[in-house]
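Beneath this line is the structure, given in structure tokens, with notes to follow.
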Amino acid sequence: MNSTYTTVQWVAFFLIYCFIGWCYESLYVSIRHKRWVNRGFMRGPLLPLYGSGAIVMLVVTIPFRDNLLLTYLAGCVGATALEYVTGVTMEALFKVRYWDYSTRRFNFQGHICLEATLAWGAFTIIMTRFIHTPIEAFVLGLPQVVVSVITVFVSVLAVADFSVSFKTALDIRDVLVKLEEVRDEMERMQKRMDVILAFAEDKREKVVHNTYERLDELTEALEERFKNMKELRDKLELRGVSEDIREKAEEFKEEVEELRIRFRIDMEQRMQILNRRDFFRRDMILSNPTMKSRHFKNALEDIKKAAGKQHKNRDNNNE
């Protein structure tokens, strides 16, 4: 391995390993999910994490190229540090984890784990001893002007792709935040409806607020409460109901109608968010089936479901 590569050659290696990483990840995930998955953050056949990881491996192992053990250890440390920093940064920016090791043993914050670290070390040896040699020979064997033209051309496409993907990831983050706001509003409605029903039925001591993980369940619960409120008002028209209970129900009538209007507005907003036909957003979600979010778990599941439905409808229309 040559330690005096030009800047263009380093960029060329980066792009090549981005492509190799994309091939590996897409094939692996596609086999696991039994369908083709265009894996990665970007839409094109490039995975920047693998390209960056390869460059880090090459750089950190230059002083230890003749020592197999130190090469392994340097690869473990360098690649793991890159994976951790990238994972933390992406989650902070996009509120989503594009990979998650939380279920693996000896993980740290779900961003890295011992198993992956050991694998990075093995990949470092395989890459520096076997894979990089033919790639190096191929790049150095081409005329410098050819390498420069191809590298610049692909780099321009990659930057454009990354820019669109970055904007799409920010859009997904905004969707998650908006869905969570809708959910919070509906939870406040649910609690208020529980109080109204309890007071109207003179059962104040029996106010119980249920919590729902799924937004669909919360929606159904609210619809049930509005139905119960209507049934209660119908019962109050019958004889034998005390006047004070009837008066209590009437006191809440306007508030219930206001809650119903807010509920309809929230439902319309939710449907508009989920049914937005954004190719890039849908494609990014489908390309990362293992995508997770700690703070917006349920909202992310909702947009995953919507993206899958839109993809299925598109396939049916094409047929």
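Along the sequence shown, residues carry numbers from 1.
- Contact of the Ser52 side chain with the Tyr17 side chain is not registered, since no non-hydrogen atoms from C-beta on lie closer than 4.5 Å.
- Salt-bridge formation is not detected for the pair Arg43/Asp161: no Lys NZ or Arg NE/NH1/NH2 atom is positioned less than 4.0 Å from an Asp or Glu carboxylate oxygen.
- For Phe162 and Phe41, the ring centers sit closer than 6.0 Å to each other.
- In plain terms, the two heavy atoms of Leu15 and Thr151 that are nearest each other are CD1-O, 3.9 Å.
- Side-chain atoms of Glu83 and Tyr101, non-hydrogen and from C-beta on, do get closer than 4.5 Å to each other.
- Remark: side-chain polar atoms of Asn288 are not paired, donor with acceptor, to backbone N or O of Met291 under 3.5 angstrom.
- Contact between Ser165 and Met42 at its shortest, heavy atoms only, is OG-CA, 3.3 Å.
- Between the side chains of His111 and Glu91, at least one donor N or O lies within less than 3.5 Å of an accepting N or O.
- Side-chain contact between Arg97 and Ser102 is present, with at least one heavy-atom pair separated by less than 4.5 Å.
- The aromatic rings of Tyr98 and Phe94 lie perpendicular to each other, with more than 60° between the two planes, well past the 30° mark.
- Side-chain N or O atoms of Thr117 include none that pairs as donor or acceptor with a backbone N or O of Thr80 at under 3.5 Å.
- With hydrogens and angles ignored, the 3.5 Å screen pairs no side-chain donor or acceptor of Tyr72 with any backbone N or O of Trp120.
- Panel note: side chain Ser293, backbone Lys95; a donor-acceptor pair is recorded below 3.5 Å.
- Counting only N and O atoms by type, the side chains of Asn38 and Trp22 include a donor and acceptor under 3.5 Å apart.
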